[in-house]
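Scroll down for the structure; my scribbles are underneath it.
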Amino acid sequence: MEKMPFKDAQTVMDVAAGINAAQVVSTETDWRRALPVLTGKTVTLRELRLSDAPSLLAMLATEEVSRFISPPPTTVDGFERFIAWTHRERAAGNYVCFGVVPEGMDTAIGIFQVRQLEPGFATAEWGFAIGSEFWGTGLFMDGAKMVIDFAFNVVGTHRLEARAAVANGRGNGALRKVGALQEGILRKSFLRNGEYLDQTLWTILDEDWRRSKSVWGPKVH
Ligand SMILES: CC(C)(COP(=O)(O)OP(=O)(O)OC[C@H]1O[C@@H](n2cnc3c(N)ncnc32)[C@H](O)[C@@H]1OP(=O)(O)O)[C@@H](O)C(=O)NCCC(=O)NCCS
């Protein structure tokens, strides 16, 4: 996660126009054209919209949230460029970014990202960040299950990796809770604030997920 989000946001200059981010498609439809809307118990996951930029800035650019992840954009413009970049990378088939919209709201307060680590997504890496006022609400688990299902069932991933700074208690706790296995420590693998941090490598395999999963599938509209 740490190296993935916002990495290219600052360098992408043109804001894509006219992307129908809210287009609803079925899982049979190619996700490269538009992401499906995934509906959970407490949260909806959907493609980011440029109008999510102010909310994402308020939610994710805080010290508390960004402490252990790549620095998010610091302006609304920066988030708009990031959102436009997520659309282009999705269309290119490299990357998926879902906005996290709690029940009763219509703007995103966080993101789940999945990027391919090899062409075709067989091995992929996911990451996530949610506004701190929504921590501990169950919203993470609700969204995480749908994203993992999406990666294994729709995108075709068989091994889903995540990296969390060892010092990131909540990040590691969240990954443990979702059933990821800790494979090892990546020593001094993440540069943050001028310091190289150790990261934990967490993985979920599709076969393990299918075996352990009960009945939590996403509803796709
Ligand atoms: C990671 C994130 C999305 C998780 O969402 P969340 O709502 O905080 O997650 P949850 O509360 O459902 O789960 C976190 C778990 O870690 C546990 N935890 C919290 N602090 C902990 C600590 N210091 N050490 C170990 N576990 C800890 C929590 O108790 C919880 O487990 P529980 O529900 O069994 O009690 C959110 O914290 C976030 O956005 N953090 C900032 C961005 C980030 O670090 N992203 C992850 C990078 S890998």
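First listed ligand is number 1; within each ligand, the first listed atom is number 1. Counting from 1, the numbers follow the sequence of the chain as shown.
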Would you check whether M141 reaches within less than 4.0 Å of ligand 1, judged by its heavy atoms? no
Which of the atoms in ligand 1, numbered in the order shown and given with their element, are less than 4.0 Å from a heavy-atom of R163? 48 (S)
A student checking ligand 1 against N168 at a 4.0 Å heavy-atom cut-off should list atoms 43 (C), 44 (O), 46 (C), 47 (C)
Could you check E89, Q113, R88 and say which one makes a side-chain hydrogen bond (donor to acceptor under 3.5 Å, both in side chains) with Y95? Q113
Among G169, G136, A174, the residue with a heavy atom nearest to atom 26 (N) of ligand 1 is G169
Which option out of V65, T62, I130 puts a heavy atom nearest to atom 42 (C) of ligand 1? V65
Among all residues two or more places apart in sequence or in another chain, which pass the side-chain hydrogen bond (donor to acceptor under 3.5 Å, both in side chains) test with T62? none
Hydrophobic cluster of L186, others only, ordered by chain and residue number, side-chain cut-off 4.5 Å: L201
Should R176 be listed as contacting ligand 1, given a heavy-atom distance under 4.0 Å as the test? no
Under 4.0 Å, counting heavy atoms only: does F68 come that close to any atom of ligand 1? no
Among Q199, R170, K177, R67, closest by any non-hydrogen atom to atom 31 (O) of ligand 1: K177
Shortest non-hydrogen pair, F190 vs Q199, comes out as CB-CD, 3.5 Å
